[in-house]
Amino acid sequence: MASISLQNIAKVYPGGTKAVRDINIDIKDGEFIVLVGPSGCGKSTLLRMVAGLETITEGKAKIGDKVVNHVEPADRDIAMVFQNYALYPHMSVYNNLAYGLRNRRKPKDEIDRRIREAARMLEIEQYLERKPRALSGGQRQRVAMGRAIVREPEAFLFDEPLSNLDAKLRVSMRGEIKRLQKRLGTTSLYVTHDQLEAMTLADRLVVLNGGEIEQIGTPLDVYHKP
Ligand code: ADP
Ligand code: ADP
């Protein structure tokens, strides 16, 4: 795990949209930070810059003590979890979990160890040979979490991971993500527009509005201000 530091970050898209500016956030080792705010406030732009999926127009992003502005996504030690799961439909769950590790030429027994361990944690051991289409939405989301976990990254980046699930499942998966993150101690940056989700998950919240930080603090600080 590692700290993440965003220093004076701004993003201007080609065409001129100023998506975010003056962003300063210091995320501690093992901390769970939630970016929250209305649609269009710049949450996903910020997350995608940390992931390396968007260029950074201004400022500096660090993971640990490494500046990552010009580091390719595949060379950043992060794992992302998306709302659409991003699973390979023609591959079994096992192969979905193994794919990235095989690309990184991890030894076979190491890959197998990591997959068994993650599958046990996520209670998907009995589904390893199935294709994603034979799983429920909640099970697919667990596999998506599994793909992130097996990488043993320095940080998890979550992009509205629960927004495709029904309300009941969302609440139970929320608890599960929180438990897993605490157990693994992996620094996490989580994007949602759902205030309740944000409050439940966050060690600290970053409230964005119109591309700027409106508030940073614990859920108590942010939602119980007089
Ligand atoms: P959020 O995730 O909070 O909904 P976004 O980061 O997606 O917000 O968007 C922030 C602003 O940047 C919005 O005005 C949006 O229209 C704009 N934007 C997002 N992606 C692009 C893009 N690829 N090109 C141009 N403008 C974009
Ligand atoms: P994988 O990420 O499973 O190793 P690839 O090695 O083909 O798959 O990577 C394709 C690109 O997508 C890389 O830039 C990689 O970082 C990114 N990518 C795919 N899945 C994830 C994930 N779960 N977390 C972070 N990045 C991912």
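As a basis for the values below, the full set of heavy atoms in this structure was taken, side chains included, without hydrogen atoms, waters or symmetry mates. First listed ligand is number 1; within each ligand, the first listed atom is number 1.
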Exercise. Answer yes or no: does atom NZ of Lys66 have more than 12 heavy-atom neighbours from other residues, nucleotides or ligands under 6.0 Å?
Key: no
Practice problem: Have a look at Gly211, Ala19, Ser44, Gly210 and point out the one with the heavy atom closest to atom 2 (O) of ligand 1. | Solution: Ser44
Quiz item: How far is atom 6 (O) of ligand 1 from its nearest protein heavy atom, and which residue and atom is that?
Solution: Thr45 OG1, 2.5 Å
Exercise. For Arg204, look at atom CZ and say whether over 12 heavy atoms of other residues, nucleotides or ligands are found less than 6.0 Å away.
Key: yes
Quiz item: Got a protein heavy atom sitting under 4.0 Å from atom 24 (N) of ligand 1?
Solution: yes
Self-check item: Lys/Arg N to Asp/Glu carboxylate O, Glu117 vs Arg120, below 4.0 Å
Solution: no
Exercise. Return yes when at least one protein heavy atom is under 4.0 Å from atom 10 (C) of ligand 1, and no when none is.
Key: yes
Quiz item: At a 4.0 Å threshold, what atoms of ligand 1 neighbour a non-hydrogen atom of Pro38?
Solution: 3 (O)
Self-check item: Exceeds 12 heavy-atom contacts within 6.0 angstrom, atom CG of Asp65
Solution: no
Self-check item: Whether Gly15 lies under 4.0 Å from ligand 1, heavy atom
Solution: no
Quiz item: Tell me, do Leu189 and Phe32 make a side-chain contact under 4.5 Å, heavy atoms counted?
Solution: no
Exercise. Around atom 8 (O) of ligand 1, find the nearest protein heavy atom and jot down its residue, atom name and distance.
Key: Gly42 N, 3.1 Å
